[in-house]
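See structure below.
For ligands, and for the atoms within them, numbers begin at 1 and follow the listed sequence. It should be emphasised that the depicted structure is a prediction, and the values quoted were computed from it without experimental measurement.
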Amino acid sequence: MAFHLPNDPASGDVTSARPTLWVNPLYRKGAIDDPSLPIRPEDVEAARANWQRLAPLLETCFPELAATGGVIRSDLIELGDLRQAIGYSDAEFGTLFVKADSALPVAGSIKARGGVYEVFVFAEQLARREGLLKDGQDIRQLAGPEAKAFFSRYTIAVGSTGNLGLSVGIAARALGFKATVHMSSDAKAWKVERLRNLGVEVVRHDADYTSAVENARIAAEADPTIYFVDDEQSRQLFLGYSVAAMELAKQLEDRGLVVDAEHPLFLYLPCGIGGAPGGVTYGAKAVFGDNVHCFFVEPVQSPCALVQMMSGSKELVSVYDVGLTNKTEADGMAVARMSVLVATVMRNMLAGVFTVDDPSLFRWLLLAHETQGIRLEPSATAGFAGPEFIVKHPRGRAFCDRQGIVDRLPQATHVVWTTGGSFVPQQQFENFLQTAAANR
Ligand SMILES: *Cc1c(COP(=O)(O)O)cnc(C)c1O
């Protein structure tokens, strides 16, 4: 073991790969106002404006977005039968929702908020810089034949365990870009096949996710016609995700649900490298302030954000450094080192991280499908552990106590962010169900 975790009540569980809750000792109110952070609340508003300006183009490229006028958004689903099935019927669990990014249009996962955003923002910038789109001209021109021919001279590259590659590949090909996706060895075969069918070049690396990203970066640096979507440090991905919080705020408001000191909000966000959950957390802090508490969730063998943030180290700590394997069926979260950008921004803003084992992921996958017909991939189910950790675990209760909200839990709202699944092919999904049934 190359690295020793600090003395924390959760350390032993982390290194022995037992599900656990780590509460961030550096969590504090008003953290978003820290002027030294590399992201500002205005950036979220600017990202929202970008999404809005790009909406007509998105609608033209993706007819499935006609119903929303080019807006990529997901439903907020209240837990009904699933609530009992999981064991959350007690009134102490407050109000429980699923934020169903698992069914997001265009990419079928939360990556539709990040990858699609970055590719479309890049396309617009490139077109303006090269004089293809002038002020006042209709942005839908960028879906026309002239723009396609122009974009085809450029390549969008990305490293991915799967879903980011899908979203970037789909977005890039829709505009006519060439696309190269560097995949890690744990990438699922169906994701590779789907990309190849779209005309995306898939390079498979016989190594983990971090190496796939490194290879993609090196290839891109050598060639000015390659634009690299850098999952380890991209601001654009982060900001694309952040806008999700405004969507959630509107949905809660439409249901007459208040978020304030009396009615806290908890978000449970599956974490790989940290961009998606970090972006959503940042946006949520910008929208709900100190009344929202965001927790990341990771597989017991891949808790990269947990070890990074617990270590407090400026250097990146990997899950291998603490003796873990990074092996999990949750391919969306099979990441050994977190993003430095996200670690910096989350330092005082993230409430904590909890971990889950693979059998639990399959159990929730089955229950969500059986009770409410919600189709999830294993990574997407991880947040279901959240309410139990917060309401029942001694450290969760102590956390609520310190926040002065322990007696307000029945009035709290818990949102389990389900991050992917609707694109999983039927055969693969049936395999998931079988795995789950066999473990029952
Ligand atoms: C990408 C992904 C995550 C985690 O997002 P990161 O930005 O890597 O932290 C979680 N779940 C699913 C299904 C994903 O595709």
Exercise for the section: Check whether the ring centres of Y241 and Y282 lie less than 6.0 Å apart, and answer yes or no. Expected result: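 Between Y241 and Y282, the centre distance exceeds or equals 6.0 Å.
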Below the 3.5 angstrom mark, is there an N/O of [X], backbone or side chain, next to an N/O of ligand 1?
X	answer
I110	no
V335	no
C271	no
S109	no
A276	yes
I273	yes

Closer than 4.0 angstrom, basic N to acidic O: yes or no for [X] and [Y]?
X	Y	result
R48	E45	yes
E214	R217	yes
K99	E247	yes
D331	K191	yes

Handout entry: R395 atom CZ, neighbour heavy-atom count above 12 within 6.0 Å
Key = yes
Problem - Proximal atoms of ligand 1 relative to N163 (non-hydrogen, under 4.0 Å) - result: 13 (C), 14 (C), 15 (O)
Practice task
Under 4.0 Å from a heavy atom of P270: give me the atoms of ligand 1 that qualify, with their elements.
Solution key: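 What qualifies from ligand 1 is 4 (C), 10 (C).
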Considering heavy atoms of the protein only, find what lies nearest to [atom] and give residue, atom and distance to 0.1 Å.
atom	result
atom 4 (C) of ligand 1	G272 N, 3.3 Å
atom 14 (C) of ligand 1	K111 NZ, 2.8 Å
atom 11 (N) of ligand 1	T419 OG1, 2.7 Å

Practice task
Give the ring-plane orientation class for F122 versus Y227, where under 30° counts as parallel, over 60° as perpendicular and anything between as tilted.
Solution key: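 Rings of F122 and Y227: parallel, as their planes differ by under 30°.
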Problem - Matching residue for Y27 among R402, Q403, H293, R347 - test: side chain to side chain donor-acceptor pair (under 3.5 Å) - result: H293
